[in-house]
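Written out below as structure tokens is the structure these notes cover.
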Number of protein chains: 2
Amino acid sequence: VEKVRRWPGMVTQKIWKVGRDDPRRVIHALKVGFSLTLVSLLYLLEPLFDGIGDNAIWAVMTVVVVLEFTAGATLCKGLNRGLGTLCAGSLVFLLEFVADKSGRTSRAIFIGVAVFLTGSAATYMRFFPHIKKNYDYGIVIFLLTFNLIAVSSFRVHNVLKVAHERFYTIAIGCGVCLLMSLLVFPNWSGLELHNSTVSKLEGLAESIEACVNKYFKDSEIIEDEKSSDDEDPIYRGYKSVLDSKTMDETLALHASWEPRHSLYCYKTPWKQYVRLGAVLRHFGYTLVALHGCLQSEIQAPRSVRDLFKAPCTRVAREISKTFKELADSIRNKRLVAPILVSDPLHEALQDLNNAIKSQPRLFLSSKNHHHNHHASQMLALTAATANAHQKPPNTNSSPVSLATVKTDNSALLEWKRKRAADQYKDSERKVLRPTLSKLDITSLEFSEALPFAAFASLLVEMAARLDMVTEQVEELGRLSRFKEYKADEVEI
Amino acid sequence: VEKVRRWPGMVTQKIWKVGRDDPRRVIHALKVGFSLTLVSLLYLLEPLFDGIGDNAIWAVMTVVVVLEFTAGATLCKGLNRGLGTLCAGSLVFLLEFVADKSGRTSRAIFIGVAVFLTGSAATYMRFFPHIKKNYDYGIVIFLLTFNLIAVSSFRVHNVLKVAHERFYTIAIGCGVCLLMSLLVFPNWSGLELHNSTVSKLEGLAESIEACVNKYFKDSEIIEDEKSSDDEDPIYRGYKSVLDSKTMDETLALHASWEPRHSLYCYKTPWKQYVRLGAVLRHFGYTLVALHGCLQSEIQAPRSVRDLFKAPCTRVAREISKTFKELADSIRNKRLVAPILVSDPLHEALQDLNNAIKSQPRLFLSSKNHHHNHHASQMLALTAATANAHQKPPNTNSSPVSLATVKTDNSALLEWKRKRAADQYKDSERKVLRPTLSKLDITSLEFSEALPFAAFASLLVEMAARLDMVTEQVEELGRLSRFKEYKADEVEI
């Protein structure tokens, strides 16, 4: 009962939230309502109706189907619709010309065959990837119009007049759509793509810093934060990057139809945004692997990590700084600062390298420490504390079970089954995150430094990959003719 | 000229290829053609036309718009369309009832306001993620039908009759669509999802084996293969997994509308397929990172790799075998073999562990070898050969430039610019692959074992992640009530 009473409140809250998240949605909804009312006037106002008649419904239909959220999408659909209608009209006209002289029955057969052939051919064409991507909607409209006109031409003899009137009203509908989407509070796909690229870069920057900071933080603090923070900042940062492919491509496709940016004598290279998106996605995969190091069962002991805390954090900070610089450069449409980007990062890497070189003993397997008594006393001590500190690693979601698992295999299976049942209710997001394994990998005593080596190596890999990102952003700047970089503008 | 003459041949070849890749496409195209001809008969045949009249165009329209490639998609669209039309019809009827008594002008105003409000509200509703996912098409149809009927009700007074006739013809159209998609060579979204899951598992299996094999192969052989093999088998294996999110979700959504599998008293858990897809995607990210190790600049010397070739290959083989077993289990709809899956893998991991433990010296930084004369002679020799063998690592696409780059920074920038221009023509696929960096990371002398440690660590991480995949597949088997596993059926 309580639930039922709270339901209207929840719905209101949800409706409010959708609008607050992006106020353009409210504007768009009002725009659609207004456009529909506008074309309805064709029907409702006496003088207009007398001129156009029943065909006014085609204007209404066009507005409902064509008017989309962004200007690019509307243009793309509108042009597709216009083109499809035009092609279909011409084809029917051609058929009429051929079938004009024949008798009624042979005419019916002729039309039937034409409908079958055109339907099959057009549907088959929709399977070509290139056509599917650009003209799918146009082909649907072509098929629709062709069939409607071809079939009705059998009854109505003045096809040309019907086609002409219909085209007229569709043009009115398209006109209203273009007017509304281009001139009244327009939303640009291109701008959306631009902004999403900037926010992806910033998201990655935050994610990297958060990831490395968390790696070097005390595990107790992590446990505390876990409960208070339901959305992991690391995950939040890269999540939008990973599955961005479809959205990027759609936005770029629509953006390429938008006229706005060609006012400056050159076309904005939307394809370069897609390319940059692909590189960012690939960077994201490495970041996921790095994040995986945090969640893995095999963890380098705290003492090992603490040795490399400073250089690793520095590398991460430099990478993150570079990303922020890149984001800034795209946001302000200026070229990337040339020196700023790579030099401090290179120094940071050198630093990390020196740190690793200064601790050769750590890359020994933990089991073999005791055989190497000739090793310098200090380092042996470090390693010993490392052994002592080796806690049950990263007990993310089931701290109790993991400790007991290591005993035998049958208990393992039992626990497996139980956990599978528990986990079933988890959302996809949760499935993506923990990497607790039930293979008792923790019982394998790999070299203690091995997991840290993986972490460091991935960090270095990232620095390498960062270069590709920088390259693509520079290319973007070059192609979009961003303004020159001026040193005094920068404050990082 | 030559190009123009070859053009028709190329087009024919392309048309042929689209059909050969998936013959169901040809069948689908013929089905659409046939359905259209069928509904056209409503117009073309005298007795049918007399009964239905001009409204027959609505049947044609329905077929064009609703008939989709898979049965699930058609059902989903058809039901959405039916529901949308019904809702719109009822709403108009309600409005008629309210506005019935009023004068002509106030009626026009009333309709205009109703159109505006409904248009805005419906458009706003499309922004809710849940509605967007399931009922987007239904809302478009609702809006379309509502506007058409509401507006035309102003002129035609027998709205109920119009609505009734239209509903009738739409039902005929939907009926033809359902008939064609469910009974004549049906394509099931569910089956497609099932098959794509199996092929994703197999793709990952191949990819892992290929990846590890390539890592331990001689670099000369790799160079040779590069030229002959234009599509990398590693990349081919995981590429379909990475961007599978949208497709999986769409297929699962459509599959959930399909009636076929509910004949067996229980519903196939399509959501579990989506969840499995998410875990596989995450596994794919780790695989990308592993693949990144192959393409990275910092490479472990051949001699280091050779030491661990056998255990690593074994682990990869076991992971790959497990994937194949999982793929088999899903394909044959039987439960996963319980023992087969984890034990050999565990042994293989133990093996790798022992191998790493037996080579403690390797995890020393290369610069420090010479100071550790107390280390056993044999291992020092290994390390020395390792140093000698250190070739310019993995010169994937520009073997010459990399060697010359290490000198100074200005030359680096020059080369950078040149390479950026070269790379511009690369497709997205190519951008995804090479990780050649222009930061001269190779000049940083990290511990030689560091890159190998990353490789091994990622491999172990994969083994851990594999468990999550197994878990999800087991869950899938349980929910779908796959048949029991029988030991004698298996031949791996």
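Because the structure is predicted, anything quoted here is derived from the model rather than measured.
Each of B:Leu148, B:Leu290, B:Thr286 has some count of heavy-atom pairs under 4.5 Å with chain A, and the biggest count is that of B:Leu148. Ranked by heavy-atom pairs under 4.5 Å with chain B, the first of A:Asp21, A:Leu287, A:Leu143 is A:Leu143. Between chain B and the residues A:Thr118, A:Val115, A:Val65, the largest count of heavy-atom pairs under 4.5 Å involves A:Val115. Between chain B and the residues A:Gly119, A:Ala122, A:Ala29, A:Gly19, the largest count of heavy-atom pairs under 4.5 Å involves A:Ala29.
Remark: A:Thr37 OG1 to B:Leu117 CG distance equals 8.5 Å, nearest 0.5 Å. Between the OG1 atom of B:Thr123 and the NZ atom of A:Lys31 there is a distance of 11.0 Å, given to the nearest 0.5 Å. For the atom pair CE of B:Met61 and CG of A:Leu144, the computed distance is 5.0 Å after rounding to the nearest 0.5 Å.
For a residue to count as touching a neighbouring chain, one of its non-hydrogen atoms must lie under 4.5 Å from one of that chain's; by this rule B:Lys14 touches chain A with backbone and side chain alike. For B:Val26, the parts lying near chain A are the backbone and the side chain together; criterion is any non-hydrogen pair under 4.5 Å.
The closest side-chain heavy-atom distance from B:Phe128 to A:Ile15 is below 4.5 Å. Side chains of B:Asn147 and A:Val39 form no contact here, defined as non-hydrogen atoms less than 4.5 Å apart. A 4.5 Å side-chain heavy-atom check between A:Phe116 and B:Leu30 finds at least one atom pair inside the cut-off. In this structure, B:Leu242 and A:Tyr285 have side chains that are in contact, with non-hydrogen atoms separated by less than 4.5 Å.
Considering every non-hydrogen atom in both B:Ser120 and A:Gly33, the closest pair reads OG-CA, 3.6 Å. Residue A:Phe127 comes nearest to B:His28 through the heavy atom pair CZ-CD2, 3.6 Å, listed as atom of the first residue, atom of the second, then distance.
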